[in-house]
Participant: 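Right, I'll just put the structure down here and ask away after.
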Amino acid sequence: MRPGESAPRAVLACGEVRTCLLPARQALDSRAAAQLLGLRADERVLLSERPNLYGRSPDTLTGVDCPLPSANGSRVRAVGTVAARASLTEGRVLQSSAYFRVPAAGPDHRRPWGHYLVRPGVVEPLGRLPREAVAQGLLGGGRHGELDVGLIADGLLTRLLRHPLLDQRPPLKSRPTRLRWVALPADPGDGPSIERFTLAEDELRTLRLRVPEGVRSAEVAGLCDDLALHDWLLTTVVRILDGIRLGSAPPPARPRPPTGDGLPPVVRALRPAVDHLLHLWMPRARVAKELAPLWDALEERPGFTRQWQTLVQRIRDQLTLHAIPSPYREVEPVP
């Protein structure tokens with residue numbers, strides 16, 4: 001970037017987050033996490049132990065030159081770089097995130113790559129940007145040949161999941177989730193706000209935000225990583241509870257073979273959640289101060305923490321019930 005020249009002001013930011021359980025029997029410690037997340041030899045992995053164990057890779061850049069998705073069919077070619085990074089929470093939950101920001105207008109013709117490389121995470125349109133149409137197109141996912149930031153996040157996640165540190169023996173069954181987001185400027189004087197948060201098909205969530213001018217796209221990506229992590233925790237624990245039968249029921253027609261650990265089936269099904277997931281709930285732990293109020297809206301509706309506390313209490317109630325000797329139970333729990 002030439003002296004006195006600054007990156008153009010962004011009027012749109014977009015990204016996608018992939019979240020999954022690390023396929024390893026044991027959670028990784030900080031040293032192993034640094035090995036897994038060491039994507040670049042010239043930058044160190046960010047490690048933190050407070051308020052929980054957390055590691056984040058340095059950003060990597062992917063050059064792009066393709067049309068942007070657009071809801072109204074307008075063809076907007078854009079050139080630049082998409083930033084991607086990965087993170088690991090408590091050595092157990094792995095995330096990959098790719099994001100970029102777009103200015104209101106760009107040059108009329110493509111410039112040399114050096115121009116774009118000094119603007120990491122910026123994708124410039126050739127000409128003016130139809131902001132609203134592109135924002136809707138990005139949330140919708142776009143068509144073949146258009147910029148798909150999710151493919152970049154997915155490619156990074158696939159690379160990490162093949163790391164030799166991982167024994168491919170996760171302690172419980174789960175599914176990955178995707179969070180796709182766009183952020184537009186808030187009106188002058190307004191704070192950040194969530195316009196829409198939806199749970200779509202195929203484990204996809206979409207989020208549309210308004211953020212004040214001056215909030216960096218990396219900070220918005222950090223908020224979305226945090227939201228994606230806690231949404232994945234909720235989704236996974238709900239599935240664990242849905243996958244077992246709780247309460248009373250007639251005894252099975254044929255006795256099940258012993259498993260060797262002597263645990264009731266319900267306890268055996270719930271134990272991985274207790275061992276590996278319940279302690280991970282910590283909203284806003286690493287969200288920028290300017291964006292932390294957005295969690296208040298999520299706590300109000302749909303009520304993330306209320307739902308989490310209800311799920312945790314259900315698990316604890318079942319474990320307590322199964323700890324009572326059979327002669328003293330009023331209701332006999334069965335799997």
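Count residues from 1 along the sequence.
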Participant: Would you check if there is a donor-acceptor pair between the side chains of Gln313 and Gln309 at a distance under 3.5 Å?
Facilitator: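 No - no donor-acceptor pair under 3.5 Å links their side chains.
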Participant: Should Leu126 and Leu12 be counted in the same cluster of Ile, Leu, Val, Met, Phe, Trp and Tyr side chains packed under 4.5 Å apart?
Facilitator: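 Different clusters: Leu126 never reaches Leu12 through Ile, Leu, Val, Met, Phe, Trp or Tyr contacts under 4.5 Å.
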Participant: Given the rule in the salt bridge (Lys or Arg N to Asp or Glu O under 4.0 Å) test, do Asp148 and Arg180 qualify, once you have shown the distances and angles that lead to the verdict?
Facilitator: CA-CA 11 Å; Asp148 187 346; Arg180 185 181 300 148; 5.5 Å; no
Participant: If only atom types and distance count, is the side chain of Ser96 paired as donor or acceptor with the main-chain N or O of Ala153 below 3.5 Å?
Facilitator: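 Yes; at least one donor-acceptor contact below 3.5 Å.
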Participant: Is Arg314 reaching over with its side chain to a backbone N or O of Thr310, donor-acceptor style, under 3.5 angstrom?
Facilitator: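 Flag not set: sc Arg314 to bb Thr310 has no pair under 3.5 Å.
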Participant: When you look at Val267 and Leu319, which way does the side-chain contact (heavy atoms from CB on, under 4.5 Å) test go after all the steps?
Facilitator: CA-CA 6 Å; Val267 175; Leu319 296 178; 4.1 Å; yes
Participant: Out of curiosity, Leu53 CG to Leu28 CG, how far, rounded to the nearest 0.5 Å?
Facilitator: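 The CG atom of Leu28 is 9.0 Å from CG of Leu53, to the nearest 0.5 Å.
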Participant: Out of curiosity, does Leu294 fall in the hydrophobic cluster containing Trp232 (side-chain heavy atoms, cut-off under 4.5 Å, transitive links)?
Facilitator: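 Linked within one cluster.
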Participant: Apply side-chain contact (heavy atoms from CB on, under 4.5 Å) to Asp190 and Arg210, showing your working.
Facilitator: CA-CA 9 Å; Asp190 288 353; Arg210 293 277 179 178; over 6 Å; no
Participant: So which of Leu207, Ile194, Asp231 actually passes side chain to side chain contact (heavy atoms under 4.5 Å, CB included) with Leu298?
Facilitator: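 Testing each of Leu207, Ile194, Asp231 against Leu298, the sole residue satisfying side chain to side chain contact (heavy atoms under 4.5 Å, CB included) is Ile194.
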Participant: Got Leu147 and Pro69 here, is their nearest side-chain heavy-atom distance under 4.5 Å?
Facilitator: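 Yes, their side chains come closer than 4.5 Å.
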Participant: Leu160, Leu151: one ILVMFWY side-chain cluster at the under-4.5 Å cut-off?
Facilitator: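 Looking at the clustering, Leu151 is in a separate group from Leu160.
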Participant: What are the two closest non-hydrogen atoms of Thr236 and Ser174, and how far apart are they?
Facilitator: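 Scanning both residues, the minimum pair turns out to be CG2-CB, 3.9 Å.
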Participant: Under 6.0 Å from the CZ atom of Arg128, do we count more than 12 heavy atoms belonging to anything else shown?
Facilitator: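 No, CZ of Arg128 has 12 or fewer neighbouring heavy atoms, counting only those of other groups under 6.0 Å.
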Participant: Indicate yes or no: at least one non-hydrogen side-chain atom of Arg208 is less than 4.5 angstrom from one of Leu184.
Facilitator: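 Arg208 vs Leu184: side chains touch.
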Participant: Enter the distance from His276:NE2 to Glu90:CD here, rounded to the nearest 0.5 Å.
Facilitator: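 Interatomic distance, His276 NE2 to Glu90 CD, rounded to 0.5 Å: 12.5 Å.
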Participant: In the structure I gave you, are the side-chain heavy atoms of Phe100 and Ser217 within less than 4.5 Å of one another anywhere?
Facilitator: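 Result no, sub-4.5 Å side-chain heavy-atom pair not found.
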Participant: Looking only at heavy atoms, which two atoms of Leu47 and Ala34 are closest? And how far apart?
Facilitator: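 Shortest heavy-atom separation between Leu47 and Ala34 comes out as CD1-CB, 4.1 Å.
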Participant: Mind checking the CZ-CG spacing from Arg92 to Leu172? Nearest 0.5 Å is all I need.
Facilitator: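 It comes to 7.5 Å.
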Participant: Kindly give the heavy-atom pair with the smallest separation between Val149 and Cys14, and that separation in Å.
Facilitator: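 Looks like CG1-SG, 4.3 Å.
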Participant: Does a salt bridge link Asp42 with Arg40, judged by any charged N lying under 4.0 Å from a carboxylate O?
Facilitator: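 Arg40 and Asp42: salt-bridged.
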Participant: Are the side chains of Pro171 and Asp275 in touch, meaning some heavy atoms are under 4.5 Å apart?
Facilitator: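 Heavy-atom side-chain distance check fails, nothing below 4.5 Å.
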Participant: Output yes when a side-chain donor or acceptor of Glu290 lies under 3.5 Å from a complementary backbone atom of Gly191, and no otherwise.
Facilitator: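 No: the side chain of Glu290 does not pair with the backbone of Gly191.
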Participant: Let's go through Gln26 and Asp167 carefully: what are the C-alpha distance in whole Å and the side-chain angles of both, what is the deciding distance for side-chain contact (heavy atoms from CB on, under 4.5 Å) to 0.1 Å, and is it a yes or a no?
Facilitator: CA-CA 9 Å; Gln26 298 294 329; Asp167 59 19; over 6 Å; no
Participant: Taking it one step at a time, do Arg111 and Glu124 satisfy salt bridge (Lys or Arg N to Asp or Glu O under 4.0 Å)?
Facilitator: CA-CA 10 Å; Arg111 295 183 177 180; Glu124 295 184 353; 5.2 Å; no
Participant: Kindly indicate whether the side chain of Leu277, heavy atoms from C-beta on, has any atom under 4.5 Å from the side chain of Leu280.
Facilitator: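 Result yes, sub-4.5 Å side-chain heavy-atom pair found.
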Participant: Considering only heavy atoms from C-beta outward, does the side chain of Pro67 approach that of Arg75 to under 4.5 Å?
Facilitator: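 Heavy-atom side-chain distance check passes, below 4.5 Å.
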Participant: Does one side chain, of Asp59 or Tyr99, offer a donor that lies under 3.5 Å from an acceptor on the other?
Facilitator: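 Result is yes, a qualifying pair exists.
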Participant: Looking only at atom types and distance, does a side-chain atom of Ser57 sit under 3.5 Å from a main-chain N or O of Ala86, one as donor and one as acceptor?
Facilitator: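 Checking the backbone N and O of Ala86 against the side chain of Ser57, a donor-acceptor pair under 3.5 Å is found.
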Participant: Kindly say whether Tyr54 contributes a backbone atom to a donor-acceptor pair with the side chain of Thr89 at under 3.5 angstrom?
Facilitator: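 No, Thr89 side chain to Tyr54 backbone: no donor-acceptor pair under 3.5 Å.
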Participant: Could you pull out the closest heavy-atom pair between Pro58 and Leu39, with the gap in Å?
Facilitator: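 For Pro58 versus Leu39, the nearest heavy atoms are O-CD1, 4.1 Å.
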Participant: For Pro23 and Leu166, work out which heavy atoms get closest and say how close.
Facilitator: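 So the two residues come closest at O-CB, 3.7 Å.
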Participant: Given the rule that I, L, V, M, F, W and Y join up when any side-chain heavy atoms are under 4.5 Å apart, are Val79 and Leu68 in one cluster?
Facilitator: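 No.
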Participant: What do you reckon, is CG of Asp108 surrounded by more than 12 foreign heavy atoms closer than 6.0 Å?
Facilitator: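 No, not enclosed.
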Participant: Can you tell if the side chain of Leu227 reaches within under 4.5 Å of the side chain of Trp181, non-hydrogen atoms only?
Facilitator: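 Of all side-chain heavy-atom pairs linking Trp181 with Leu227, none is under 4.5 Å.
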Participant: Find the distance between CZ (Arg85) and OG1 (Thr60) and round it off to the nearest 0.5 Å.
Facilitator: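 Those atoms lie 11.0 Å apart.
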Participant: Applying side-chain contact (heavy atoms from CB on, under 4.5 Å), run through Asn52 and His279 and close with a yes or a no.
Facilitator: CA-CA 9 Å; Asn52 56 8; His279 63 290; over 6 Å; no
Participant: Atom CD of residue position Glu49 - does it have more than 12 heavy atoms of other residues, nucleotides or ligands inside 6.0 Å?
Facilitator: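 No.
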Participant: Can you check whether Leu241 reaches Leu270 side chain to side chain, under 4.5 Å on heavy atoms?
Facilitator: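 Contact flag for Leu241/Leu270 side chains = yes.
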Participant: Indicate if Leu129 and Leu209 have the same hydrophobic cluster label, given that clusters are the connected sets of ILVMFWY residues with side-chain heavy-atom separations under 4.5 angstrom.
Facilitator: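 Cluster IDs for Leu129 and Leu209 differ.
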Participant: Distance only, no hydrogens: is a donor on one side chain within 3.5 Å (strictly under) of an acceptor on the other, for Thr305 and Trp281?
Facilitator: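 Judged by distance alone, the side chains do pair up.
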Participant: Does any donor atom in the side chain of Arg205 or Thr19 lie under 3.5 Å from an acceptor atom in the other side chain?
Facilitator: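 Arg205 vs Thr19: no donor-acceptor pair found between side chains.
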Participant: From Arg110 CZ over to Asp65 CG, what is the distance, rounded to the nearest 0.5 angstrom?
Facilitator: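 Reported value, rounded in 0.5 Å steps: 5.0 Å.
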Participant: Under a 3.5 Å threshold, yes or no: a donor from one side chain and an acceptor from the other, between Arg286 and Ser48?
Facilitator: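 Yes - a donor-acceptor pair under 3.5 Å links their side chains.
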Participant: So, taking the atom named OG in Ser70 and the one named CD in Glu132, what distance separates them when rounded to the nearest 0.5 Å?
Facilitator: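 These two atoms lie 10.5 Å from each other.
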Participant: I'd like to know if Glu203 pairs up with Arg239 as an ion pair, taking the criterion as any Lys NZ or Arg NE/NH1/NH2 lying under 4.0 Å from an Asp or Glu carboxylate oxygen.
Facilitator: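 Salt bridge: yes.
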Participant: Identify the heavy atoms of Pro264 and His322 that sit nearest to each other, and give their distance.
Facilitator: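 The answer is CB-CD2, 3.7 Å.
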